[in-house]
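Single-structure report; data block below.
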Amino acid sequence: SQQGEEDPQALSIQEGENATMNCSYKTSINNLQWYRQNSGRGLVHLILIRSNEREKHSGRLRVTLDTSKKSSSLLITASRAADTASYFCATIKAAGNKLTFGGGTRVLVKP
Amino acid sequence: GAVVSQHPSWVICKSGTSVKIECRSLDFQATTMFWYRQFPKQSLMLMATSNEGSKATYEQGVEKDKFLINHASLTLSTLTVTSAHPEDSSFYICSARGQGNEQFFGPGTRLTVL
């Protein structure tokens, strides 16, 4: 079973708008990571947030982590057509070394 | 960031044949490599974890005799899909991890079994 579940499964927005997607997980984690995947391509690592961190920024990306709720969110501000992709959260368990992926959110940014 | 390559990027084969996919870490030594499978519009599912010089650890439900993994060096792991069938058609992605926590992903290999 998957450690992370994401919502929404799909998101369609206009260029310039913000996109927010959420990830929930089940067990204690060491860290949580977000990845982007363009159609039929490999994964691009976006950001890693450790279990003792609550918020992290990278360019137009903002990630939050709430370990009490076992959830994380990824916000993409001022979206661009090039942001169209699938976004996955992935977790490494507290005593583990394997990345477990959520179901992903397919984001479509319309020009 | 570190670079991981996969070869081939796509392959079409006949049912019953075996296919080998290579995963290489180009500028770092990967103590651990991971193999994932991804079906269309789905997430990545971990198949197995391999450490250099030791046997791979397979996830539940993954047949080790069908998906042979070899991690003979710190920069190369191979996945061989033996006696491939159409249901094995999928996108196979490897990742490699060095000394740190971060995993670097290859570009994937699309396997189509006719």
Side-chain angles (χ1 to χ4, degrees), chain A residues 1-11 21-26 29-53 56 58-59 84-108, chain B residues 1-10 21 23-26 30-52 54 56-62 89-112:
Chain A
S1 63
Q2 294 193 65
Q3 162 77 319
E5 299 296 333
E6 293 179 61
D7 79 275
Q9 291 185 340
L11 183 59
M21 57 211 87
N22 303 293
C23 167
S24 60
Y25 56 91
K26 298 173 185 172
I29 60 171
N30 178 292
N31 64 70
L32 184 145
Q33 303 177 39
W34 286 91
Y35 290 84
R36 183 183 73 219
Q37 184 182 36
N38 290 87
S39 181
R41 309 289 288 274
L43 272 71
V44 174
H45 183 264
L46 295 177
I47 202 163
L48 180 153
I49 187 165
R50 301 186 194 286
S51 60
N52 61 352
E53 297 176 309
K56 212 160 180 182
S58 176
T84 293
S86 290
Y87 292 83
F88 295 93
C89 69
T91 56
I92 291 186
K93 293 180 183 179
N97 69 341
K98 299 184 292 189
L99 265 179
T100 305
F101 283 83
T105 296
R106 293 192 304 280
V107 174
L108 171 64
Chain B
V3 178
V4 175
S5 70
Q6 279 185 243
H7 177 81
S9 55
W10 59 269
I21 302 169
C23 176
R24 292 182 186 274
S25 57
L26 297 185
T31 51
T32 306
M33 287 185 166
F34 303 86
W35 286 96
Y36 297 84
R37 180 167 56 183
Q38 184 181 32
F39 292 108
K41 295 188 178 180
Q42 293 189 26
S43 186
L44 281 74
M45 298 300 292
L46 180 64
M47 300 175 67
T49 302
S50 75
N51 294 294
E52 185 263 339
S54 61
T57 302
Y58 289 81
E59 295 298 301
Q60 194 172 7
V62 178
S89 297
S90 189
F91 195 52
Y92 291 87
I93 303 175
C94 74
S95 70
R97 187 172 68 202
Q99 297 299 318
N101 252 339
E102 194 171 345
Q103 284 181 223
F104 301 95
F105 284 80
T109 296
R110 183 160 304 284
L111 170 63
T112 302

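So you know, we letter chains A, B, ... as the sequences are listed, proteins then strands, and number each from 1. Keep in mind that the numbers below use all heavy atoms, side chains included, and drop hydrogens, waters and symmetry copies.
The contact between A:Q37 and chain B is made entirely by side chain atoms (from C-beta outward), counting heavy-atom distances below 4.5 Å. For B:Q38, the part lying near chain A is the side chain, with the backbone staying farther off; criterion is any non-hydrogen pair under 4.5 Å.
More than 12 heavy atoms of other shown residues, nucleotides or ligands fall within 6.0 angstrom of atom CD in A:E53.
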Practice problem: Before giving the answer on side chain to side chain contact (heavy atoms under 4.5 Å, CB included), spell out for A:L99 and B:F105 the whole-Å C-alpha distance, their side-chain angles and the decisive distance to 0.1 Å. | Solution: CA-CA 12 Å; A:L99 265 179; B:F105 284 80; 4.0 Å; yes
Exercise. Apply the test side chain to side chain contact (heavy atoms under 4.5 Å, CB included) to residues B:T57 and A:K98: give CA-CA distance (whole Å), side-chain angles for both, the deciding distance (0.1 Å), then the verdict.
Key: CA-CA 11 Å; B:T57 302; A:K98 299 184 292 189; over 6 Å; no
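For the pair A:F101 and B:L44, the tightest heavy-atom approach, listed with the atom from each and the gap, is CB-O, 3.8 Å. Scanning both residues, B:Q42 and A:F88, for their nearest heavy atoms gives O-CZ, 4.1 Å. Taking both residues in full, the closest heavy atoms of B:F91 and A:R41 are given as CE2-O, 3.4 Å, listed atom of the first, atom of the second, then distance.
Here the straight-line distance linking atom CD of B:Q103 with atom CD of A:Q33 works out to 7.0 Å at 0.5 Å rounding.
In this structure, the side chain of B:S43 engages the main chain of A:G102 through a donor-acceptor pair within 3.5 Å.
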